[in-house]
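Labels below follow one simple rule: chain letters A, B, ... track the order of the sequence lines, proteins then strands, and each chain is numbered from 1.
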There are 2 protein chains.
Amino acid sequence: MIPDSAAAFPVTVDVVALTVRDGALQVLLVDRLLEPFRGTRALPGGFVLPDESLEDAAARELAEETGVVAPSGNGPGPGHPWHLEQLRTYGPQGRDPRGPVLSVAYLLLAPAFGLPAPGGDAAEAAWFPVPDAEEPGPAGTAPLGALAFDHDRILADGVERARAKLEYSPLATAFCADEFTIGELRAVYEAVWGTHLDARNFHRKATGTPGFLEATGRLRAEGPGRPAELYRLAPSVDPAAAVLHPPLLRPPATPAPPT
Amino acid sequence: MIPDSAAAFPVTVDVVALTVRDGALQVLLVDRLLEPFRGTRALPGGFVLPDESLEDAAARELAEETGVVAPSGNGPGPGHPWHLEQLRTYGPQGRDPRGPVLSVAYLLLAPAFGLPAPGGDAAEAAWFPVPDAEEPGPAGTAPLGALAFDHDRILADGVERARAKLEYSPLATAFCADEFTIGELRAVYEAVWGTHLDARNFHRKATGTPGFLEATGRLRAEGPGRPAELYRLAPSVDPAAAVLHPPLLRPPATPAPPT
DNA sequence: GATGTTGTCGTCAGGATGACGATATCCAGG
DNA sequence: CCTGGATATCGTCATCCTGACGACAACATC
């Protein structure tokens with residue numbers, strides 16, 4: 001019933017897993033153990049199995065290659081702050097030396113987590129800071145820029161999607177634990193956007209946006225400074241679908257003052 | 001080299017082709033000539049050929065089933081106001097009775113155009129108004145809601161993407177001819193969003209947003225009323241990538257006054 | 001000419017934003 | 001104990017953006 005002219009393509013999923021660690025946006029990369037691109041860094045991913053959904057495949061490959069168990073589907077409110085969404089699909093031609101291969105990329109936003117046990121087709125899964133697009137840094141500084149396949153482009157698309165989503169969705173909370181302070185949330189925005197935000201204005205906007213945050217009433221003291229109030233994502237909010245009104249807009253490109 | 005556990009999937013492209021006609025957002029649908037879903041309305045689309053890119057396949061299927069020649073890739077500035085972008089990919093399981101099939105959906109935004117010659121696997125390509133999501137209308141009124149496969153969901157995703165894109169991108173011009181009036185542009189926004197916009201405020205925002213419109217200096221008189229100035233999309237602007245600052249935001253949901 | 005229609009420019013109040021001062025509450029060290 | 005540094009939170013103020021709406025210009029039709 002399916003016409004003969006229709007071709008069947010091998011399909012892979014590749015996961016752009018982002019987190020915020022040490023005040024910087026970081027991406028999860030693996031070292032490829034197999035050809036092609038053996039020894040090259042790449043996004044975790046692999047072939048979709050016959051009876052699998054795309055999302056299940058993304059979660060499975062992430063688990064196999066990094067030991068990380070991602071929830072398939074959106075986590076049940078608090079307890080699963082992770083967010084997994086489809087990014088886009090990269091066409092079958094000219095991206096794999098073995099022949100035409102379709103790749104469906106997924107974007108995972110998660111709090112920083114450890115990397116228990118790499119395995120499968122990859123070794124040495126580790127986090128790498130994502131260099132600012134505007135500031136590629138001096139030669140040799142950027143640890144990225146030479147990924148396998150077309151993963152450089154997929155990573156760039158994923159980072160741009162994440163940056164844009166923080167503006168109009170509550171997904172910044174996907175990088176935080178269940179409960180967090182406004183300062184931690186601001187640090188997420190600053191790390192993902194690579195900008196500096198005024199703490200006072202950010203506090204006013206974040207707490208003043210309806211349907212975003214909910215105060216727990218408890219405090220948390222950590223290090224110096226006045227203890228901060230703990231917040232959580234407002235209940236009955238689907239962080240994948242909710243829209244912030246008004247949005248938190250990125251400050252327009254700040255031209256660095258000439259030194 | 002590709003592992004045996006990797007499955008190969010037939011891949012289709014489906015096109016959500018939207019336009020604005022008669023003051024309403026309309027979608028291009030075909031009547032399926034072949035099983036499955038023979039006789040049911042569906043989005044134009046079909047299987048990807050072995051040596052084809054996804055975008056080429058989308059353009060080809062659109063041409064085959066509707067006689068419409070869409071540009072592959074982004075048109076060269078003025079002369080090709082059409083816009084074709086990838087929407088998302090719908091997983092292989094449970095969407096085609098013939099078995100697992102991957103579908104990559106594309107979104108086409110275009111000015112109203114005629115439908116020269118349906119052919120291929122479809123007949124009777126025609127435009128159908130997209131009902132407002134909020135107002136499904138009385139039973140039997142909505143011409144949609146029973147499309148083949150999972151095309152209802154794909155259409156809903158495409159419409160939502162189009163509505164969101166008008167806010168922060170210059171893509172509303174993709175529904176217009178090369179040169180257009182502010183009134184025509186406003187009619188596009190009103191049709192896509194299903195709302196009413198104040199003509200004076202819209203004029204101020206549209207002409208006041210940098211990097212959006214460029215006045216041609218010429219006028220056009222059509223019907224009654226003062227002739228309107230003709231504008232075109234600002235040159236050296238990639239409508240697919242440009243971002244409007246500030247964005248044109250949809251008015252928040254207008255609760256219908258109780259009658 | 002009167003009237004209706006569409007386009008363009010102004011006005012004005014209210015809300016949102018960015019810059020920044022002021023205060024609260026902690027830690028560290030004299 | 002007291003001071004200084006650090007973080008959190010609250011206020012103030014000028015500016016910009018927005019929505020609501022008045023005013024006028026330039027057309028068609030009667």
Side-chain angles (χ1 to χ4, degrees), chain A residues 23 166-168 176 179-191 193 195-231 243-255 257, chain B residues 23 166-168 176 179-191 193 195-231 243-255 257:
Chain A
L166 289 208
E167 292 193 333
Y168 55 89
C176 299
E179 300 189 344
F180 48 86
T181 68
I182 302 291
E184 290 168 353
L185 189 65
R186 178 169 49 87
V188 166
Y189 276 89
E190 291 181 335
W193 287 346
T195 61
H196 171 76
L197 300 175
D198 183 271
R200 298 156 291 188
N201 291 336
F202 182 87
H203 188 279
R204 178 186 45 185
K205 276 210 73 164
T207 57
T209 300
F212 188 15
L213 302 181
E214 186 195 48
T216 66
R218 266 165 300 130
L219 300 179
R220 180 202 293 169
E222 195 163 352
R226 171 174 168 179
E229 219 170 338
L230 280 172
Y231 287 82
V243 175
L244 292 188
H245 253 341
L248 275 148
L249 293 181
R250 282 177 269 190
T254 313
Chain B
L166 289 209
E167 291 192 333
Y168 55 88
C176 298
E179 300 190 345
F180 47 86
T181 69
I182 302 290
E184 289 168 354
L185 189 65
R186 177 169 50 87
V188 166
Y189 276 88
E190 291 180 335
W193 287 346
T195 60
H196 172 74
L197 300 175
D198 184 90
R200 299 155 292 190
N201 292 336
F202 182 87
H203 188 278
R204 178 184 49 186
K205 276 209 74 165
T207 57
T209 299
F212 188 14
L213 302 182
E214 186 195 46
T216 66
R218 266 166 299 130
L219 300 178
R220 180 201 292 167
E222 196 164 351
R226 171 175 168 179
E229 218 170 336
L230 280 172
Y231 287 82
V243 174
L244 291 188
H245 255 341
L248 274 150
L249 293 180
R250 282 178 269 190
T254 314

Would you mind telling me which of [options] lies closest to the side-chain atoms of [X]?
X         : options                  : value
Arg204(A) : dT12(D), dG5(D), dG7(C)  : dT12(D)
Thr181(A) : dT9(D), dG7(C), dA8(D)   : dA8(D)
Arg186(A) : dG19(D), dC26(C), dA8(D) : dA8(D)

Nearest 0.5 angstrom please: [X] [atom1] to [Y] [atom2], how far?
X         : Y         : atom1 : atom2 : value
Arg220(B) : Glu184(B) : CZ    : CD    : 4.5 Å
Glu190(B) : Leu185(B) : CD    : CG    : 10.5 Å
Leu248(A) : Leu197(A) : CG    : CG    : 8.5 Å

Write down the protein N/O and nucleotide N/O pairs, taken from nucleotides 21-24 of chain D, whose separation is under 3.5 Å; answer none if there are no such pairs.
from, atom 1, to, atom 2, distance (Å)
dC21(D), N4, Arg200(B), NE, 3.4
dG22(D), N7, Arg200(B), NH1, 2.7
dG22(D), O6, Arg200(B), NH1, 3.3

Evaluate side chain to side chain contact (heavy atoms under 4.5 Å, CB included) for Glu167(A) paired with Trp193(A), printing each intermediate quantity in order.
CA-CA 10 Å; Glu167(A) 292 193 333; Trp193(A) 287 346; 3.6 Å; yes
Near-strand residues of residues 205-222 of chain B, defined as heavy-atom separation under 4.0 angstrom from DNA chain C
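Output list: empty, so none.
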Whole-Å distance separating the [atom1] atom of [X] from the [atom2] atom of [N]:
X         : N       : atom1 : atom2 : result
Phe202(B) : dA20(D) : CZ    : P     : 15 Å
Tyr231(B) : dG7(C)  : OH    : P     : 12 Å
Glu184(A) : dT9(D)  : CD    : P     : 11 Å
Arg250(B) : dT18(D) : CZ    : P     : 16 Å
Leu230(A) : dT7(D)  : CG    : P     : 17 Å
Glu229(B) : dC27(D) : CD    : C1'   : 16 Å
Leu248(A) : dG18(C) : CG    : P     : 9 Å
His203(A) : dT23(C) : NE2   : P     : 18 Å

Salt-bridge contact Glu179(A)-Arg218(A) (side-chain N to carboxylate O under 4.0 Å)
yes
Minimum heavy-atom separation for Pro227(B) to Leu219(B), with atom names?
CB-CB, 4.3 Å
So which atom in His245(A) and which in Pro210(A) form the shortest heavy-atom distance, rounded to 0.1 Å?
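What the structure gives for the nearest pair is O-CD, 3.5 Å.
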Taking the inter-plane angle between the rings of His203(B) and Tyr231(B) on a 0 to 90° scale, is it parallel (under 30°), tilted (30 to 60°) or perpendicular (over 60°)?
perpendicular
Can you work out whether Ala199(B) or Pro246(A) has the more 5'-proximal nearest nucleotide on DNA chain C?
Ala199(B)
Determine whether Thr181(A) and Leu230(A) satisfy the following criterion, side chain to side chain contact (heavy atoms under 4.5 Å, CB included), listing intermediate values before the conclusion.
CA-CA 5 Å; Thr181(A) 68; Leu230(A) 280 172; 3.9 Å; yes
